Q: 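The structure's right below; bear with me while I get my questions together.
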Number of protein chains: 2
Amino acid sequence: MSYKIKSRIWIESNNNVLLGEGRVHLLKAIQKTGSLSKAAKSLNISYKKAWQLLDSVNKSAKKPVTINSIGGKGGGGAELTEYGHSLINAFDEINKNCWAFLDQQLDKIKQL
Amino acid sequence: MSYKIKSRIWIESNNNVLLGEGRVHLLKAIQKTGSLSKAAKSLNISYKKAWQLLDSVNKSAKKPVTINSIGGKGGGGAELTEYGHSLINAFDEINKNCWAFLDQQLDKIKQL
DNA sequence: TTACGTTATATCCATGCAAATATAGCGAAT
DNA sequence: ATTCGCTATATTTGCATGGATATAACGTAA
């Protein structure tokens with residue numbers, strides 16, 4: 001009924017998106033499923049889109065965020081690096097803090 | 001070269017977007033030009049898009065944000081209400097505060 | 001009463017983006 | 001050797017979004 005404030009934050013590295021909400025979702029799904037194709041299915045996005053997202057993350061990050069293996073037992077897979085874990089944790093924390101901050105700012109609008 | 005954090009915030013009213021960056025730009029241009037069609041031209045967007053944006057703002061706001069007049073001297077025009085002025089000022093301030101807040105949070109990522 | 005410049009709205013069309021589809025390449029296991 | 005399930009890509013197809021265009025409605029001023 002009343003006003004709500006929403007936000008979307010993301011992190012860029014030399015003008016490319018490194019991390020955003022969608023990319024974090026994808027990384028978490030990879031962590032859970034152990035493969036990019038299963039992660040894509042669980043998020044109801046096409047494998048192509050998932051691959052493009054992951055590719056852009058790994059290309060713009062300082063260190064690799066996932067290790068992808070082709071072939072081998074089970075056909076391959078993808079798993080998060082330690083750096084990848086740290087990134088998504090930090091992003092989640094910042095995002096949560098941002099929501100709290102904005103909710104408090106919203107009063108300025110409600111008072112009008 | 002290093003990571004940057006960016007954000008986009010917006011305000012919703014019963015699941016409709018009330019105010020965002022684009023809508024604030026449009027309202028400021030209306031304030032400057034005195035008409036919706038001139039504002040659209042100055043922002044290089046079609047009149048149709050500008051009208052849709054303004055219409056959705058006025059439909060989801062508690063009080064009118066602009067007064068639009070059809071016909072009359074000069075064919076008509078649009079001008080901000082006092083409530084409209086207050087809204088864009090509050091939005092700008094919140095946005096600026098948000099940037100400052102996020103820049104400070106970014107350190108958590110840089111330290112990884 | 002006619003002309004004007006605007007708001008307001010419908011319709012058509014092109015363009016781009018995303019999904020679907022297809023296919024190649026890989027390496028371990030059998 | 002062959003199969004399997006995945007990563008990695010190119011190509012086509014479909015759909016939605018937005019732009020262009022057209023036009024109605026309006027009220028003041030001449």
Side-chain angles (χ1 to χ4, degrees), chain A residues 8 10 12 15-18 20-61 63-81 83-84, chain B residues 8 10 12 15-18 20-61 63-81 83-84:
Chain A
R8 187 146 292 180
W10 66 96
E12 295 190 357
N15 293 331
N16 292 319
V17 174
L18 165 63
E21 213 161 289
R23 288 165 165 84
V24 166
H25 278 152
L26 179 62
L27 292 180
K28 285 179 180 173
I30 289 173
Q31 181 179 12
K32 201 174 293 177
T33 61
S35 104
L36 181 54
S37 70
K38 284 177 189 162
K41 279 200 188 81
S42 80
L43 295 179
N44 273 338
I45 62 176
S46 65
Y47 175 83
K48 178 188 174 183
K49 179 165 185 179
W51 180 83
Q52 287 172 332
L53 284 173
L54 182 59
D55 189 52
S56 82
V57 170
N58 277 319
K59 274 186 179 146
S60 52
K63 308 179 197 174
V65 171
T66 62
I67 302 290
N68 309 332
S69 53
I70 309 176
K73 180 167 67 175
E79 61 173 354
L80 290 190
T81 61
Y83 185 61
Chain B
R8 185 147 294 179
W10 66 96
E12 295 189 357
N15 294 330
N16 292 318
V17 175
L18 165 65
E21 213 161 288
R23 288 165 164 84
V24 166
H25 278 153
L26 178 63
L27 291 180
K28 285 179 179 171
I30 288 173
Q31 181 178 14
K32 201 176 292 177
T33 62
S35 102
L36 181 54
S37 69
K38 283 177 189 160
K41 280 201 188 80
S42 81
L43 295 180
N44 272 339
I45 61 177
S46 64
Y47 175 83
K48 177 188 177 184
K49 179 166 185 179
W51 181 83
Q52 286 172 333
L53 284 174
L54 181 59
D55 187 53
S56 82
V57 170
N58 277 320
K59 275 187 179 145
S60 51
K63 309 179 197 174
V65 171
T66 63
I67 302 288
N68 310 331
S69 53
I70 310 177
K73 179 167 67 177
E79 61 173 353
L80 290 190
T81 61
Y83 185 61

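Here the structure is a predicted model, which means the values were calculated and not measured. Throughout, a chain's letter reflects where its sequence line sits, starting with A, and its residues are numbered from 1.
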Q: If the condition is side chain to side chain contact (heavy atoms under 4.5 Å, CB included), which residues does Ala39(A) pass it with, not counting sequence neighbours?
A: Leu26(A), Ala29(A), Ile30(A), Thr33(A)
Q: For Trp51(B), what residues pass the side chain to side chain contact (heavy atoms under 4.5 Å, CB included) criterion, not counting sequence neighbours?
A: Leu36(B), Tyr47(B), Asp55(B)
Q: Can you name the side chain to side chain donor-acceptor pair (under 3.5 Å) partners of Gln31(A), sequence neighbours left out?
A: His85(A)
Q: If the condition is side chain to side chain contact (heavy atoms under 4.5 Å, CB included), which residues does Lys48(A) pass it with, not counting sequence neighbours?
A: Ser46(A), Gln52(A)
Q: Return the set of residues passing salt bridge (charged side-chain N to carboxylate O under 4.0 Å, His left out) with Lys49(A) (not counting sequence neighbours), or none when no residue passes.
A: none
Q: Going by the rule side chain to side chain donor-acceptor pair (under 3.5 Å), which residues pair with Ser60(B) if we only count those two or more places apart in sequence or in a different chain?
A: none
Q: First contact, last contact: which nucleotides of DNA chain C are these for chain B, 5' to 3', heavy-atom distance under 4.0 Å?
A: dG5(C) to dT11(C)
Q: What parts of residues 20-37 of chain B reach DNA chain D, counting only heavy atoms under 4.0 Å away?
A: none
Q: When every nucleotide of nucleotides 11-30 of chain D is labelled 5' to 3' by its protein contacts under 4.0 Å (heavy atoms), B for base, S for sugar-phosphate only, - for none, what sequence of letters results?
A: B-------BB-----BBS--
Q: Please identify each residue that fulfils salt bridge (charged side-chain N to carboxylate O under 4.0 Å, His left out) with Glu79(B), with sequence neighbours left out.
A: none
Q: Checking Ser69(A) now: which residues fulfil side chain to side chain contact (heavy atoms under 4.5 Å, CB included) with it, not counting sequence neighbours?
A: none
Q: Return the value, rounded to whole Å, for the distance between atom NZ of Lys38(A) and atom P of dG5(D).
A: 10 Å
Q: In chain order, what residues pass the salt bridge (charged side-chain N to carboxylate O under 4.0 Å, His left out) check against Lys41(A), with sequence neighbours excluded?
A: none
Q: On a heavy-atom basis, which atom in Val65(B) and which in Gly84(B) lie closest, and how many Å separate them?
A: CG1-CA, 3.7 Å
